[in-house]
Each structure stands twice: as structure tokens, then as C-alpha cells.
Amino acid sequence: MKNYIQHDPWCIIEEGFRPKYNRISESLCSIGNGRFGQRANFEEFYSGDTLQGSYVAGVYYPDKTRVGWWKNGYPEYFAKVLNSTNWIGINVELDGEKLDLARCEIEQFQRVLNMKEGFLQRTLTAKTTGGKRFRLDSIRFCSIVDDKIGAIRYAITPLNFSGKIQFTPYLDADVENEDSNYEEKFWIPIEEKANNQSAFVTVETKKTAFQVCTGMSFDLFKNGEKQDLNSNTLQRDKYAECVVEVNAKDEDEVVLYKYAAIISSMNCEKDDLMQTCASSLKQAHEKGFDPLKEEQKKAWAAKWEESDIVIEGDVAAQQGIRFNIYHMNQTYTGEDERLNIGPKGFTGEKYGGSTYWDTEAYCLPFYLSTADQKVARNLLVYRYKHLQKAIENAEKLGFKDGAALYPMVTINGEECHNEWEITFEEIHRNGAIAFAIYNYIRYTGDKAYIGEYGLEVLLGIARFWAQRVHFSARKQQYVMHGVTGPNEYENNVNNNWYTNYIAIWCLKYALEAIQQVRSEDESRLNAIFDKIKFYEHTETNRWKDIIDKMFYPVDEELGIFLQQDGFMDKEQILVSDLPEEDRPLNQKWSWDRILRSCFIKQADVLQGFYFFEDHFDEASHRRNFEFYEPRTVHESSLSPCVHAILAAKLGMEEKAYEMYLRTSRLDLDDYNNDTEDGLHITSMAGTWMAVVQGFGGMRVKDGALYFNPMLPKGWTSFSFRIRFRGAILSVKVDKNGTTIDNHSDIQVPVYINEESIL
Ligand code: BGC
């Protein structure tokens, strides 16, 4: 755990440069706008340790996989979101001396992510090896108003010398992914252009043939006065630069404004890329840096108006929650149904930028409550569009007749994961995708979704479960063998309770969904049945038989559901018995030792209690929580938030708060020692859930909102806004109780502690 980020309600502040934490700060202070994103790398050349990262949403490369022993059914490739054209680059020479902070004596340094207004700022004073003192001030942002645009204000002030200040703004697509499997470069050159005041680089991905065109233009000012440009240009494959210089003396401030436009062939015909890029760039340039920054500020104010959570009395908690909300908002905007949310968003390469069950299980509630309904809907439509691929994916594993198995990891619907125990066995993901449909409709009331898109997905998923279980002659019950539950610290288990439970729930929900569409629009139902060749009588009779005769492992003596067959035969030790130096287990223990232990990576049985809490009474809830939480090491970032919500429901305030802090400051304090790889974007939505559903106790039942709030001890108050079925509500919890206001004309029933208040 690290503790070098200053506590502040609106900013992430790194005071003083720590080269060994540079990658961590680069992740923390990443900026983005849903269309592209950028790690907080320095603009100028830096020879120290850094992970360069500029990412363009949806643009990926199918990297050949590496596996030890190839198994039938493995995917051929792992899709990777690519490190793309570096648009921020500005090299600097101070009177002939190349600027490299790794070789400077740094006197003062501050890197700040301003979350309120959506920009990154760096200020520093330093001395070069040649003894030149200077000040550097830079500000940059990815516009959320025009998601093609990035802008930088980059200022140098000589402090003890006079001479030429030379800037080389450049575009560089000759970049690599650190995590490429075969040290291959993924981009091929298409076109480069450079002139006095602008440059363009177009490149294409190998194999997938996405094109990205990046343009830059710039202005140079000295002490507020615009300078004539006389650039020297250079172009080579995948690279273009312009070199400009100006004479400056002590205390003269020289500023380079750099504007960038980034457009991919996802959003524009290839033949029009350059022209569209140039006209967007021109528009941004003509508007100018300050107006662009001003509109950015306004747009972020609007986002905060909708999604902020205010915590009074605890700055660390306030900063933590805003940090999470900020990154969620800049990762996914819901405008493009082809896009989704990678576990690292635009902040690193790990996990390839692809989609996991994280989206449905963890991210959806945040967007449901803080954005227009279409944002959450688009997340569901993404899976609808991948249904055919999910059917093909199941076919590769031997399933048939339209059974659909959604991939564990995907970018275009095809499975990208290749560890048999996860790819083939961690099939509970299918359940989360069905649950998200239910969750969306429960929240929004948009029942039409079922007929339009939902039913087909539910039928494909139900068909899968019906084929995946088998009948045990000895038990005279259906069982499910060879699975991995959410707890990836044990594989190939039989009858994982969570998987069995969600599978049966999917069958029941699919049956309900059929009836719903039948009652609303029978012709639509018939059209779907025809399209997918659904033999209702035969198929649903089998589903009903499975529902009636499914086996669920329980331990009668303890009164708990068993994580899987035989779980109680394991040596039962608690996490509190583990020596501190053994943690995290995944870095300290052999995999074999982890698999044999009773330690649980993340909510498993308890994930079921989270999704289906109304199915169980409170006593059962408590028994299961008290049994499983002490055996859980929370080594997935997705774990603490679910535990925070369950603990809050059970009134276990201290545990809820401990879990909340862990989720909200996971990256800021680098709990898992891996922030340098990028941020845990998908678990950030879980942090929001921990406040709203945990401390706020918000639930939706039968079209009404219920709150059972709990104010953590150290907080004076907390408040948040939510959208619900067209209404906008604000909720404030303080020592005097809970206040809920409806800021719209739309009436919604609201209950606090089971009492009707609106
Ligand atoms: C977790 C999975 C999750 C994945 C991506 C893994 O560590 O165990 O549940 O889907 O990370 O966030």
C-alpha cells in the first residue's frame, strides 16, 4: 500500500516527483472521453521508467495467443486494445540542450488531475545538467464536448538563462504494446503529412485493418504575443514532426498550444479520414485553447451534477469516490453500442481492453442511475449484437441448437480467453448477462426491451444451461460438473452453488419472459420462435424438469449454502490466521497451494446473495456472510464492494466501512500493488454501488425505490443524485436522518426504512 497522493476533495495531487512511482501516477492521472484516452505521460522526452499509453476505443489487434498445451476450443487470438499514435508529444531543447526530466535536478514538481474540470496539469521547476533553470507548466485534456479533440497548453519559462527555446510537437505511431505476445508492432504506415503549422499521420492495424488518423496543429506565443511560425518539418513512416523555435530571455514565458484530432475508421469512411480529421482539427484550433477548456469545464460540471457523491467529514473517502466516478465517466459514455468497458479502461494495456462479466455484474447499476437510459440499454444491446458469436462459441465446445455461451473476455463477440479452467468452465458469466437484462428492466421499467432484444438472448442462455447440466442417476437430481465459480482460486469443481443457482434462475426468467412477450405481442413471440427454431413445448418442459430437480449443495449443520461439493472437507483456516507476509496469496503462494486451500478470491456464494437477496431471509444472509467473508482474501478488485453492500445490509458498520475504503481507494493507495498496470475501472462502479446500495441501502422493488440508510461513523453526511424512471432524485443522509427530494414532475414512490415518503 502506498500513501503519496495528497488528500483533496476534487484533485489527485502528486507533490514532488517520485520516479519509481511514475507508472502509478501515469495511471492515476489518465484522461479520456469515452472515444480515446491517454495515460499521464510527460509531453517531452523522458528516459526514465514510463508506460506510454494512448488508446482509441474499439480499435484492436488480434494478438496470437501463447499457451503451453493447446486445447480444442481455445480461441486463436487475444484481442488487444492498442497503444496508438502518441498525440501529446512535444520535445524541447533549451538553448541546444535536450530536455529530459530524468537527467534534471527537480526543485519543485506537481502533477494534478483536476477531476472537477476534467484536465491534467503539471508544474515544475528544474535545472538541466548544463545548469539551466526553467519552469514548465502544462495543461491538457481530452474534450468531452467533441470527443475527437485533445488540447495541450505547454509553457516553458527560462529562469537563469537566455537563448533559443525549441519545441518539436510530433505525432508518433511507431509505438508498441508492452504486453504484445511476440514483440510485434501492430501498426502499418498509410500516410504522413506535415506543413508549417500542422501534421497528420494515418496508420492501419495489421490484420484487423482499422485506420486511425491523427492530426495536430499548434500556435506559439511569447509573453502572450503570438509568434510567426517558421517550422522545419520531418516525415517518415508513421511519424511527423514540426520544429519551431523562439528566442527567450530570463522570465519570458513561451507557450506552445497543441491541438489534436483523432479519428478512427470505426466512425468514418477510410477515404474521408484525413479530411474529417483536418476539419475537426481546424474547428478546435479556431476555437482556441481557453474556450475549449471552458466548455470542458461546463460539460464536466453537468456530469458532476448528475453523478457526484458528496461525502462530508472525510476527505479521503470523498476523494476516493470522486476518483472512481470521474474515471467511469471518462471511460464509457454509452454513445456507441459497439463499445464497452474494459477492466482497465484507457489507463493501461492489461486485460486487453476487452469486456468481461464485470460490465453486467458491476458497471450497469452506475450507468442506470447516473446517465440517460440509453447508456445502460446500449450496454445490453452490445451483448444482443454478439448473440450469434455466443452461439458459435458454444458450438465450438460441443453445444448445439442455438445454445449460447457468452465469452469470458471479448471485444467483438468472439472468445479471447485461453485458460481452460476459465474459458470453458467459468460459465457463470452467462448468468450475469441474463441478470443484467432483468436488472435493467427492474430499474427502468422498459419492458419493451424483452420483446425487442432481451428474449432472444435469454433463450440462447437458457438453452445453454439446459444442455450444460446432467442428470445424476444416483442423486435423481440435476447436477453441474466441471465449473469455476466467481472464486477463481478453485477450478473444475462440481456443483458450484452460485453457478447452479443462477443457471436455474435464468431458466425461470426465460420462462417468464416468454409469457410476457406472449401477453404483449404474440406475433413478435412467434417471429422469434421461428427465427431461432424454438420448440416451446419440448424445450420448456425440459427446463421445468431441471428447475424442479436441481441439486444445490448445502451444509445443514452450519445452515449455509456450500460453495461447491466437498468444500467442508478442505482444511478450514481463516484469513485472520494467515501471516501478513503471505499476502497477497496470488503473489506469494504456489498456484497449487492456492487451489487446495479454502481461501476465496472474491464473492462467490455471496455474489448470489447480492443478486438475489430477496430470495433469502436475513438469518441465512448473516450465516453465509459470517462463514464466507472471513475466508475471503478479496484479491479481485471486484470483491470488497459486494461485501460492503452485504455488510451494510446486515448492519455490520465497521466491516462495511473497511470494505468501502478498500474499494474506493484501491488504486489511489495501490492496495493490490498493481496500479502501475492501469486502474481497476470496472470495480470503480462497485465503489459507487457500495455508497448508494451499501450505505444508502437503495433497492428497487415493483417500480418503487427503497432506502435503508446507514451513516458511517466518520462521516458528517453523504448525498447523491439518481435518475429513476424519468425522475431526478437527490438523497442526503446525515445525523438527523434522510432527506429525499424529487427535482422533476414525475412522481415515483419512495420509501425510507420501509415508510412511504413520496
Ligand atoms: C476476476 C474476474 C474479473 C476479471 C476482470 C479477475 O481477477 O476474478 O471476476 O472478471 O478479473 O476484472
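Counting starts at 1 for both ligands and their atoms, following the listed order.
- Checked by atom type, the side-chain pair S639/H634 shows a donor-acceptor distance below 3.5 Å.
- Take D565 and apply the side chain to side chain donor-acceptor pair (under 3.5 Å) test, not counting sequence neighbours, and it matches N495.
- Listed by first and then second residue, the salt bridge (Lys or Arg N to Asp or Glu O under 4.0 Å) pairs involving residues 409-420 are K389-E414, E415-R429 (not counting sequence neighbours).
- Donor-acceptor pairing under 3.5 Å is lacking for the side chains of Y74 and H417.
- For residues 71-80, the pairs satisfying salt bridge (Lys or Arg N to Asp or Glu O under 4.0 Å) are D63-K80, with sequence neighbours left out.
- Here the two rings, on Y501 and F616, have centers that are under 6.0 Å apart.
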Identify all pairs of nitrogen or oxygen atoms, one from ligand 1 and one from the protein, separated by less than 3.5 Å, and list them with distances.
from     : atom 1 : to   : atom 2 : distance (Å)
ligand 1 : 7 (O)  : K601 : NZ     : 2.8
ligand 1 : 8 (O)  : E488 : OE1    : 3.0
ligand 1 : 8 (O)  : K601 : NZ     : 2.9
ligand 1 : 8 (O)  : Q602 : OE1    : 2.5
ligand 1 : 9 (O)  : W357 : NE1    : 3.0
ligand 1 : 9 (O)  : Q602 : NE2    : 3.1
ligand 1 : 10 (O) : W357 : NE1    : 3.0
ligand 1 : 10 (O) : D358 : OD1    : 2.7
ligand 1 : 12 (O) : D358 : OD2    : 2.5

